[in-house]
Amino acid sequence: MLVLSRRPYESFRIGHDVVITVLEVNGDKVRIGIDAPPQVQVHRQEIYDEVQRANADAAAASPSATTDLARAVRGATKGLPASAPASDADAASGADVVDGPGSPEN
């Protein structure tokens, strides 16, 4: 780990686009400002760890997940004609149907 000492309103740079500025030191707290392009994600460490853990949990599907999904899909399409277009399936399931440029009325 690189360790730098800075005083309030002094900065350091990461790469060409990220500037970190020490704004205030008050007791055991340091306020910093971060200037970074919008495509650079900036997270507090605890939030980053939580997001990584949630993503790993979501990616690890249970062994029965595909079976449960198949049952849900079969149940949702029960009673519909086999060749029904997706918009008819949405209407039968109670989903909102939005008129747009491709809808039959336009």
Side-chain angles (χ1 to χ4, degrees):
M1 172 188 302
L2 173 66
V3 178
L4 300 171
S5 297
R6 302 274 64 196
R7 293 191 169 125
Y9 299 102
E10 291 183 341
S11 302
F12 58 96
R13 184 175 289 270
I14 300 173
H16 295 288
D17 299 331
V18 179
V19 178
I20 311 292
T21 303
V22 176
L23 299 175
E24 179 182 0
V25 178
N26 188 4
D28 64 347
K29 288 189 175 182
V30 176
R31 291 184 66 220
I32 59 173
I34 302 168
D35 287 319
Q39 69 270 19
V40 174
Q41 295 184 2
V42 178
H43 300 283
R44 290 179 285 157
Q45 184 66 50
E46 61 273 19
I47 300 299
Y48 178 82
D49 292 343
E50 188 172 319
V51 168
Q52 293 300 309
R53 191 172 28 259
N55 286 343
D57 290 347
S62 70
S64 65
T66 53
T67 303
D68 294 343
L69 178 61
R71 285 186 187 137
V73 169
R74 282 188 209 118
T77 59
K78 204 174 214 177
L80 293 176
S83 62
S87 60
D88 290 342
D90 289 344
S93 69
D96 293 334
V97 177
V98 178
D99 290 336
S103 66
E105 292 83 17
N106 294 327

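This is a predicted model, so every value here is computed, not measured.
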Straight-line distance of Arg44 CZ to Glu50 CD, nearest 0.5 Å: 10.0 Å

Distance, nearest 0.5 Å, that separates CD of Glu24 from OH of Tyr9: 7.0 Å

Side chains of Ile20 and Ile14 in contact at under 4.5 Å (non-hydrogen atoms): yes

Pairwise distance CD1(Ile32) to NZ(Lys29) - rounded to 0.5 angstrom: 13.5 Å

ILVMFWY network linking Val19 to Ile34, side-chain heavy atoms under 4.5 angstrom: no

Student check: side-chain heavy atoms of Asp35 and Val18 closer than 4.5 Å: no

Atom CD of Gln41 with >12 non-hydrogen neighbours under 6.0 angstrom: no

Crowding at CD, Gln52 (>12 non-hydrogen neighbours, <6.0 Å): yes

Worked verdict on Val30 versus Val22 for side-chain contact (heavy atoms from CB on, under 4.5 Å): CA-CA 7 Å; Val30 176; Val22 176; 4.1 Å; yes

Between CZ on residue Arg31 and OG1 on residue Thr21, distance to nearest 0.5 Å: 12.0 Å

Arg13 (side chain) donor-acceptor with His16 (main chain) under 3.5 angstrom: yes

Closest non-hydrogen atom pair between Leu23 and Pro8, with its separation: O-CB, 4.1 Å

Backbone of Ser11 reached by a side-chain donor or acceptor of Arg6 within 3.5 Å: yes

Common cluster, Val40/Ile47, ILVMFWY with side-chain heavy-atom separation under 4.5 Å: no

